[in-house]
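Quick note on labels: first sequence line is chain A, next is B, and so on, each numbered from 1. Just so you know, these numbers come straight off a predicted model, no measurement behind them.
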Amino acid sequence: MVKARLPDGKVLEHPNGVTAEQIVAGIGPGLAKAALVARVNGQLVDLKAPIHDAEVEFAVLTSKDADGLMVMRHSCAHVMAEAICDLFPDTKLVYGPPVENGFYYDIDLPRPITPDDFEKIEARMAEIVAEARPFTRYELPRGDAMSKLADEGNPYKVDNAERAEGDALSFYVTGSRDSGCFEDLCRGPHVPDTSRVGAFKIMQVAGAYWHGDATKQQLQRVYGTSWPTPKDLKAHLTQLEEARKRDHRKIGQELGLFTIDPLVGSGLVLWKPRGAVMRHSLETLMREELMARGYQPVYTPHIGRLELYRTSGHFPYYKESQFPPLFESERARLLNDLWELARTHNSPTASEAERRLFEAILADNPELKDPGYPVDAPVEERLKRVRTWLVGEDGYLLRPMNCPHHIRVFASDSRSYRDLPIRLAEFGTVYRFEQSGEISGLTRVRGFTQDDAHIFCTPDQVHREMADCVELTCKVLTLLKLTDFRVRVGLRDDSDKYVGSRENWERAEAAVRAAVRESGMNYSEEPGEAAFYGPKIDFVVKDCIGRDWQLGTVQVDYNLPERFKLRYIGEDNAEHQPVMIHRAPFGSLERFSGILIEHFGGAFPLWLSPAQVVVCSVSEKSEDYARQVFEQARGIGIRAELDVSSERIGAKIRAATLMKIPYILVIGEQEAAQKRVNVRTRDGKQLGETGLPEFLAACALEIAERRA
RNA sequence: GCCGAUGUAGCUCAACGGUAGAGCACAGCUUUCGUAAAGCUGGGGUUGAGGGUUCAAAUCCCUCCAUCGGCUCCA
């Protein structure tokens with residue numbers, strides 16, 4: 001006997017071995033028809049799976065349930081896989097999970113799948129759907145399953161099986177087991193039959209590495225989307241189209257905010273006047289906040305000696321993603337090569353290369369007479385030697401981070417505990433040689449400006465300072481109504497890419513956790529997301545097409561102070577090491593602006609809007625007064641534009657509306673006679689006539705309050 | 001960096017082996033107009049760059065560059 005308790009508490013009794021399908025049949029015909037999969041004691045199972053437990057929590061899921069939808073999409077991936085295998089028999093299937101809004105299937109196929117193939121694949125899928133073949137599960141003991149998979153000659157499935165848990169492995173056939181129909185190693189569960197995979201569409205194909213490892217075989221990943229009904233599918237496609245209209249690259253072009261010019265360089269942003277004034281308003285907001293919170297502005301150069309970044313660790317750690325160093329002489333380049341060799345020296349071949357290079361440098365540079373450099377000396381000794389040579393003749397690096405400069409500002413004076421915390425702030429422009437395939441609009445660029453600051457404080461002050469940084473970040477995000485963010489606490493994993501002692505890391509992680517807990521926000525801890533010098537709190541948002549981007553960040557760092565041997569004099573008159581906090585509420589002004597553009601769809605709040613008011617004359621007769629209105633608005637600091645062209649008023653309004661200018665002032669003879677303005681908004685609302693001083697005062701107030 | 005797609009006037013696109021076109025924008029002229037596009041005229045392109053095939057290339061092939069979507073990376 002099986003007692004199945006339904007979600008509403010009702011208990012149904014059935015004989016042992018009853019299937020979910022049979023239980024559902026007893027509940028109601030509508031539900032039986034819609035059922036895709038069942039949940040038995042929290043486990044998703046096929047509707048045909050027999051149930052043997054005496055008492056179970058039982059629920060039936062349809063495409064209206066998140067898990068039901070997921071199973072439907074997973075099954076749709078199988079149908080797509082079958083269609084692809086039918087059309088391209090060389091296909092080796094790899095892995096096909098459901099994802100947000102759909103599914104993908106990774107395949108290994110020498111011939112590239114192109115968008116032209118999508119229609120053919122969809123047509124074949126439609127046939128499979130029409131056949132309504134059942135998804136049939138069968139299991140084999142692990143040994144039998146492994147030899148079966150090995151015989152089939154698909155190394156990916158063998159690998160999947162090796163990773164799967166359990167003594168038995170399950171397979172799904174679309175049809176009956178002896179029908180010769182398509183089958184796939186799969187944990188399941190699946191929908192009852194191939195007609196139940198929803199309204200689908202193949203969306204795109206892309207490369208993907210096996211196991212997500214760039215050194216492994218590259219596969220083709222075919223993405224599809226699937227929805228309960230054709231109407232849902234259509235709504236999704238329409239929504240995608242709408243989202244693309246908000247794309248900051250498109251709006252940036254239309255509104256003339258920024259441009260990226262191949263002649264200047266990929267990933268290097270040119271802010272045009274309209275974009276620059278928007279960005280400037282953001283910077284002004286941040287400057288006001290920083291001044292009120294005791295930050296001190298500094299200015300530092302965009303370039304620094306390589307030795308600076310050797311000390312911080314950035315140069316060796318991020319070698320591949322920095323612009324190559326600048327060397328003023330060939331010898332400087334050679335010395336750096338020598339340093340590289342000394343640093344990485346750990347093999348006989350490297351040692352030979354090192355010796356040859358060393359000899360070449362000595363031969364060309366007789367002034368370096370003192371060899372003092374036995375090739376079998378310990379690494380530290382060799383490094384020390386080479387670094388003394390580098391003092392007079394080093395290369396330079398376009399800065400990838402601002403912290404080393406700020407550290408040297410801190411180190412330029414002796415510091416007392418009474419001075420701390422010291423908060424050094426700079427809109428610091430940094431340069432990173434991002435991979436060519438990564439560059440995208442304003443969100444991933446090679447030169448960008450951080451609203452950066454570094455706080456140097458005592459260990460006791462860390463907690464309060466971090467909490468203040470988190471509070472500031474939340475404040476600006478809230479002010480901009482960017483409330484749809486998630487908080488990620490990035491911790492270290494067990495890889496060896498991190499610098500610093502275990503003890504430092506533990507203290508830092510405790511500080512980060514305390515700060516984020518205190519804020520009361522929801523957050524997720526993610527191992528492997530830390531910076532190489534410390535853990536961090538990141539504020540992550542989605543762009544209009546659903547990609548995650550890190551904006552603000554707060555990081556605590558016990559390691560760079562140690563590497564730079566920073567000191568302050570404590571109450572006890574002894575030297576102590578300060579703790580550093582790296583933080584940037586916007587993160588990158590470029591990326592933040594890109595996200596803001598999409599968030600507002602280009603219709604910025606008044607205080608951020610590139611043009612705040614446009615004055616449009618109805619005809620030449622009102623041109624003089626329009627000019628006066630324009631001059632007055634501009635005179636009190638409102639960003640006003642003037643349109644006295646010979647166009648008709650309708651055309652002027654259209655042009656201003658398309659540029660998303662918040663207030664359009666229509667100035668005709670009537671307004672001119674009464675010295676008033678007629679106000680229309682970019683949303684087409686007519687606010688009517690008002691006196692000019694009243695309008696300007698209201699406008700100025702709205703700007704001053706940064707009303708969003 | 002890798003896989004695939006795409007590069008035609010300032011912008012959005014057409015022409016798909018046979019003399020590069022439209023709309024918008026821009027300039028000039030006419031119009032002086034009341035809340036999302038007035039009319040006429042005109043200028044503007046070695047079709048991303050460089051090679052190749054062909055009697056003939058925007059169109060076919062190759063190599064770069066850039067953009068887009070993924071993957072990998074992200075201090």
Nearest to the side chain of [X] - [options]?
X: A:A651; options: B:A38, B:U32, B:C71; result: B:A38
X: A:Y223; options: B:A38, B:C74, B:C71; result: B:C71
X: A:T114; options: B:U35, B:G4, B:C68; result: B:G4
X: A:Q435; options: B:U32, B:G1, B:G4; result: B:G1
X: A:R648; options: B:U31, B:G4, B:G70; result: B:U31
X: A:S266; options: B:U32, B:A66, B:A5; result: B:A66
X: A:H314; options: B:A75, B:G4, B:G1; result: B:A75
X: A:N678; options: B:A66, B:A37, B:G34; result: B:G34
X: A:V205; options: B:G4, B:G34, B:C11; result: B:G4
X: A:S646; options: B:A66, B:C33, B:A75; result: B:C33

(Q) What's the separation between atom NE2 in A:H236 and atom NZ in A:K201, rounded to the nearest 0.5 Å? (A) 11.5 Å
Strand partner of [N], provided both Watson-Crick or wobble distances fall under 3.5 Å:
N: B:C40; result: B:G28
N: B:G18; result: B:C55
N: B:G7; result: B:C65

Atom [atom1], compared across [N] and [M]: separation rounded to whole Å:
N: B:G42; M: B:U6; atom1: C1'; answer: 33 Å
N: B:A49; M: B:U8; atom1: P; answer: 10 Å
N: B:G45; M: B:C40; atom1: P; answer: 24 Å
N: B:A15; M: B:U63; atom1: C1'; answer: 27 Å
N: B:G23; M: B:U59; atom1: P; answer: 26 Å
N: B:A22; M: B:U31; atom1: P; answer: 27 Å
N: B:A58; M: B:C16; atom1: C1'; answer: 9 Å
N: B:U47; M: B:A20; atom1: C1'; answer: 8 Å

Base, sugar-phosphate, or nothing for [X], non-hydrogen atoms under 4.0 angstrom?
X: A:P400; result: base
X: A:Y317; result: nothing
X: A:G684; result: nothing
X: A:S321; result: base
X: A:A206; result: base
X: A:G650; result: sugar-phosphate
X: A:I649; result: sugar-phosphate
X: A:E529; result: nothing
X: A:I664; result: nothing
X: A:E620; result: base

Q.
Pairing donors with acceptors under 3.5 angstrom, does anything connect the side chains of A:R591 and A:H248?
A. no
Q | Given RNA chain B, 5'-ward residue of the pair A:Y318 and A:G441, judged by closest heavy atom | A | A:G441
Q: Could you say whether A:Q686 or A:Q322 is positioned toward the 5' end of RNA chain B, judged by the nucleotide with the nearest heavy atom to each?
A: A:Q686
Are the charged groups of [X] and [Y] less than 4.0 angstrom apart, N to O?
X: A:R274; Y: A:E641; result: yes
X: A:D117; Y: A:K120; result: yes
X: A:E426; Y: A:R399; result: yes
X: A:E506; Y: A:R502; result: yes
X: A:E526; Y: A:R486; result: yes

Specify the separation, in whole Å, of atom [atom1] of [X] and atom [atom2] of [N].
X: A:L255; N: B:C11; atom1: CG; atom2: P; result: 15 Å
X: A:E689; N: B:U35; atom1: CD; atom2: P; result: 14 Å
X: A:I545; N: B:C68; atom1: CD1; atom2: P; result: 10 Å
X: A:K250; N: B:U12; atom1: NZ; atom2: P; result: 8 Å
X: A:K245; N: B:U12; atom1: NZ; atom2: C1'; result: 14 Å
X: A:E254; N: B:C24; atom1: CD; atom2: P; result: 17 Å
X: A:Q670; N: B:G34; atom1: CD; atom2: C1'; result: 9 Å
X: A:L263; N: B:C64; atom1: CG; atom2: P; result: 21 Å

Q. Looking at A:F456 versus A:H406, is the centre-to-centre ring distance below 6.0 Å?
A. no
Q. Below 6.0 angstrom between ring centroids: does that apply to A:F586 and A:F592?
A. yes
Check this one for me: any side-chain N or O of [X] less than 4.0 Å away from OP1 or OP2 of [N]?
X: A:K621; N: B:G34; value: no
X: A:R680; N: B:A36; value: yes
X: A:K652; N: B:A36; value: no
X: A:R547; N: B:G70; value: yes

Check: [N] base within 3.5 Å donor-acceptor of [X] side chain:
X: A:R444; N: B:C73; answer: yes
X: A:R432; N: B:C74; answer: no
X: A:Y209; N: B:G70; answer: no
X: A:E434; N: B:G1; answer: no

Q: Could you check A:N160 against A:R163 for side chain to side chain donor-acceptor pair (under 3.5 Å), going step by step and ending with a plain yes or no?
A: CA-CA 5 Å; A:N160 287 356; A:R163 287 156 182 272; 5.7 Å; no
